[in-house]
Amino acid sequence: MYNSKIIGLGKYVPENVVSNDDLSSIMDTSDEWIRERTGIENRRHIKKGDGNSTAIMGYKASIIALKRANIQPKEIDLILFATLSPDYYFPGSGVILQELLNIEACPAMDIRNQCSGFIYALTTADQFIKTGMYKNILVVGSENHSGGLDMSSRGRGVSVIFGDGAGAAILSREENNKKGIQSSFIYSEGKYAKELSLIGPSTNRWVPEILDENDPEDISYFPYMNGQMVFKHAVVRFSEVIQEVLNKNKWSSEDIDLLIPHQANLRISQFIQKKFKLSENQVFNNIMKYGNTTAASIPIALSEAWEQGRINNGSKIVLAAFGSGFTWGSTSVVW
Ligand code: UT7
């Protein structure tokens, strides 16, 4: 059995910086409220006409990851594309990325697990590498939230949180089983599906139905989040799944060189940091700059941590996520 090693990372965020003050000028919110409740100061939003889409941002992050991995697109055996905001209803963004990369025929699969999407995608990629079926896998998390948010005061509980961006990782076969991905855990609990969801348009609420009703009060096509409930579940599940991965590796908190939590809310990361008695240096946060980019948040953070020299040969890394579904998961990596 092989292990999977991350041999290249890349990230891309749109140039357009949207500050809390920018949002305060279009809805009833404030820099103080957003910073206090979420830690977010800025986020990036795609600007109409800047040429970005979910797949295109994924492409830009992938090109950097491929270059750093020193491999060509044609050496990729599988694309796993994690997103909740695909370019089209169908087909998935994975095939669009495949075309952008000019890869003639390789499987491209979309992973629909929201904030936990990247952990689900890593876990899936790891299985394909372990069995020997594939050697190099491109795993992407990319999100284009901004165009689909309710940017009026009505939507402020959700819209101030989310940002756009993409991250990519190249996983490759590793024969030394002490290196690379050590273990992963993934979970979901569908009874909470609606607590963080976007119901329409969907087969549950087809576009003709929405158009027929022509109801200005209809908010079914904006994301809905029961923030307090999500928060309560997040702190419990993050804690459980981090503990689980530590137990599996026989690691203690002190062994972690870097914990990269999904960037949902700085308060959640701080809660986890305190609970596991981790130092500031052991936890990576960049939600202040980018907001919550759901499936893109972990690969953006991982890439940025690597760029800052916070991940080195032999570093013990823990990745953990929680989000819509509810879904959650964790992965441990020895670099
Ligand atoms: O990535 C997927 C996982 N997502 C998460 O983990 C998110 C988890 N949840 C959260 O992070 C928090 O629940 C939020 C940051 C979303 C909200 O913070 P909260 O402390 O739970 O606020 P709340 O929703 O209970 O609202 C408190 C007050 C309300 O006003 P009243 O009823 O007390 O007068 C809201 O209307 O804050 C108001 N409010 C706002 N005020 C200014 C809600 N959003 C805003 C806003 N600006 N943007």
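Throughout, numbering of the chain's residues begins at 1 and tracks the sequence. Each ligand, and each atom within it, is numbered from 1 in the order the structure gives.
Counting only heavy atoms, the protein never gets under 4.0 Å from atom 31 (P) of ligand 1. Protein heavy atoms are found inside the 4.0 Å sphere centred on atom 25 (O) of ligand 1. By the definition of a contact as any protein heavy atom under 4.0 Å away, atom 13 (O) of ligand 1 is in contact. Within a 4.0 Å radius of atom 34 (O) of ligand 1, the protein has no heavy atom. Counting protein heavy atoms under 4.0 angstrom from atom 2 (C) of ligand 1 gives one or more.
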Pair E195-N226, side-chain hydrogen bond (donor to acceptor under 3.5 Å, both in side chains): steps then yes or no:
CA-CA 5 Å; E195 303 300 339; N226 181 346; 3.0 Å; yes
Test salt bridge (Lys or Arg N to Asp or Glu O under 4.0 Å) on R205 and E213 and set out the steps.
CA-CA 11 Å; R205 191 148 164 68; E213 286 173 16; 3.0 Å; yes
Show your working on salt bridge (Lys or Arg N to Asp or Glu O under 4.0 Å) between R154 and D28 and close with a plain yes or no.
CA-CA 9 Å; R154 185 179 62 180; D28 181 16; over 6 Å; no
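Residue, atom and distance of the protein heavy atom nearest to atom 9 (N) of ligand 1 are G227 O, 3.0 Å. In terms of protein heavy-atom proximity, atom 23 (P) of ligand 1 is closest to Q228 NE2, 4.0 Å. Protein heavy atom in closest approach to atom 11 (O) of ligand 1: N265 ND2, 2.6 Å. Looking at atom 16 (C) of ligand 1, its nearest protein heavy atom turns out to be I161 CD1, 3.4 Å. For atom 18 (O) of ligand 1, the nearest protein heavy atom (residue, atom name, distance) is W33 CH2, 3.9 Å. Distance from atom 29 (C) of ligand 1 to its nearest protein heavy atom, with residue and atom name: R156 NH2, 4.8 Å. For atom 4 (N) of ligand 1, the closest non-hydrogen atom on the protein side is V230 CG1, 3.5 Å. Here the heavy atom of the protein found nearest to atom 7 (C) of ligand 1 is M225 SD, 3.8 Å.
Under the 4.0 angstrom criterion for non-hydrogen atoms, R267 is not in contact with ligand 1.
Using bins of under 30°, 30° to 60° and over 60° for the plane-to-plane angle, the ring pair Y192/F326 lands in the parallel bin. Relative orientation of the H233 and F322 rings is parallel, given thresholds of 30° and 60° on the angle between their planes.
Listed by number with element, the atoms of ligand 1 under 4.0 Å from a non-hydrogen atom of N292 are 1 (O), 2 (C). The ligand atoms of ligand 1 that sit less than 4.0 angstrom from a heavy atom of T38 are 15 (C). If you number the atoms of ligand 1 from 1 as listed, the ones under 4.0 Å from a heavy atom of H262 come out as 1 (O), 2 (C). Near G157, with a cut-off below 4.0 Å to any heavy atom, the atoms of ligand 1 are 16 (C), 44 (N). Taking every non-hydrogen atom of V160 and a distance limit under 4.0 Å, the qualifying atoms of ligand 1 come out as 48 (N). Taking a cut-off of under 4.0 Å to the non-hydrogen atoms of I268, the atoms of ligand 1 that pass are 6 (O). Atoms of ligand 1 found under 4.0 Å from any heavy atom of F231 (numbered from 1 in listed order, with element): 8 (C), 9 (N), 10 (C), 11 (O). Listed by number with element, the atoms of ligand 1 under 4.0 Å from a non-hydrogen atom of R37 are 19 (P), 20 (O), 22 (O), 27 (C).
Proximity of L196 to ligand 1, defined as any heavy-atom pair under 4.0 Å, is confined to the side chain (atoms from C-beta onward).
Checked by atom type and distance alone, the side chain of S330 never pairs as donor or acceptor with a backbone atom of A320 at under 3.5 Å. Remark: the backbone N or O of F276 is paired with a side-chain donor or acceptor of S253 at under 3.5 angstrom. With S303 contributing its side chain and I300 its backbone, the two residues share no donor-acceptor pair below 3.5 Å. R44 places a side-chain N or O within donor-acceptor distance of the main-chain N or O of P14, the cut-off being under 3.5 Å.
An N or O contact shorter than 3.5 Å links T29 to ligand 1 by distance.
For the 3.5 Å distance criterion, the side chains of S116 and H262 fail to qualify, holding no donor opposite an acceptor. The closest side-chain donor-acceptor pair between N312 and S315, if any, does not fall under 3.5 angstrom.
I287 CD1 to Y290 OH: the interatomic distance, rounded to the nearest 0.5 Å, is 12.5 Å.
A salt bridge between R237 and E189 is present, with a side-chain N of the basic residue lying under 4.0 Å from a carboxylate O of the acidic one.
A side chain to side chain donor-acceptor pair (under 3.5 Å) with R43 holds for exactly one of D22, T293, N20; it is N20.
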